[in-house]
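Heads up, the thing below is written out as structure tokens.
For reference, positions follow the sequence shown, starting with 1. Note that this is a predicted model, so its numbers are computed, not measured.
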Amino acid sequence: QVQLVESGGGLAQSGGSLTLSCTASGSIFSWNTMGWYRQAPGKQRELVAVTRSGGITNYADSVKGRFTISRDNAKNTVHLQMNSLKPEDTAVYYCYLFTTYDYWGQGTQVTVSS
């Protein structure tokens with residue numbers, strides 16, 4: 001079984017920064033995709049940023065230039081550095097892993113006050 005354990009998140013002021021981390025454990029192929037999605041109240045879950053084992057990354061247009069995703073393949077860990085936060089970044093952030101199947105973390109709340 002694969003488990004994803006998230007940390008980070010919380011409350012930040014507009015313009016501030018937060019860092020999310022997620023560590024995967026279990027049967028994980030070396031070639032995989034890890035990243036973050038988010039879901040705001042009343043909205044669909046959306047991609048924030050993902051990174052593939054080969055180093056390819058994808059960002060939502062709304063976070064480009066503000067968020068940075070990075071990974072430690074040896075530790076099966078992915079980080080999301082969030083800078084210049086905006087109130088519209090407020091959402092539950094979910095860690096995501098695709099190895100053989102899709103796996104999701106339990107979610108961590110990020111709240112940005114104006």
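Between Thr33 and Thr51 there is no side-chain heavy-atom pair separated by less than 4.5 Å. Looking only at side-chain heavy atoms (C-beta outward), Phe67 and Leu85 come within less than 4.5 Å of each other. Contact annotation: the side chain of Leu20 approaches that of Val110 to within less than 4.5 Å [non-hydrogen atoms, C-beta and beyond]. With contacts defined as side-chain heavy-atom distances shorter than 4.5 Å, the pair Trp36/His79 does not qualify. Within the 4.5 Å cutoff, side-chain heavy atoms of Lys86 are placed close to those of Arg66. The shortest side-chain heavy-atom distance between Thr57 and Tyr59 falls under the 4.5 Å cut-off.
Smallest separation of non-hydrogen atoms from Gln39 and Lys43: NE2-O, 3.1 Å. Closest of all the heavy-atom pairs between Ser14 and Ser114 is CB-CA, 4.1 Å.
Between Trp104 and Tyr94, the ring-plane angle classifies as perpendicular under the 30° and 60° cut-offs.
Neither Val92 nor Tyr103 shares a network with the other; the hydrophobic side chains, linked directly or stepwise wherever heavy atoms of I, L, V, M, F, W or Y lie under 4.5 Å apart, form separate groups for each. Note on Tyr96: it does not cluster hydrophobically with Val5, by side-chain heavy-atom contacts below 4.5 Å among ILVMFWY residues. Residues Val78 and Val2 fall within the same hydrophobic cluster, defined by Ile, Leu, Val, Met, Phe, Trp and Tyr side chains chained together at heavy-atom separations under 4.5 Å.
Partners of Glu88 by salt bridge (charged side-chain N to carboxylate O under 4.0 Å, His left out), not counting sequence neighbours: none found. Shown here are the side-chain contact (heavy atoms from CB on, under 4.5 Å) partners of Ala24, two or more places apart in sequence or in another chain: Leu4, Ile28, Met34, Asn76, Leu97.
In this structure, the side chain of Ser62 does not engage the main chain of Ala60 through any donor-acceptor pair within 3.5 Å. Between the side chain of Ser53 and the backbone N or O of Asn73 there is no donor-acceptor pair closer than 3.5 Å.
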Please determine whether side-chain contact (heavy atoms from CB on, under 4.5 Å) holds for the pair Val50 and Phe98, giving the CA-CA distance in whole Å, both sets of side-chain angles, and the decisive distance to 0.1 Å.
CA-CA 10 Å; Val50 292; Phe98 175 78; over 6 Å; no

Taking it one step at a time, do Thr111 and Thr90 satisfy side chain to side chain donor-acceptor pair (under 3.5 Å)?
CA-CA 5 Å; Thr111 302; Thr90 296; 5.2 Å; no

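A side chain to side chain donor-acceptor pair (under 3.5 Å) with Tyr93 is found for exactly one of Gln109, Glu6, Arg38, namely Arg38.
In this model, a donor atom of one side chain and an acceptor atom of the other lie less than 3.5 Å apart for Ser17 and Asn83. A donor atom on one side chain and an acceptor atom on the other are not found under 3.5 Å apart for Gln81 and Thr68. Checked by atom type, the side-chain pair Arg52/Asn32 shows no donor-acceptor distance below 3.5 Å.
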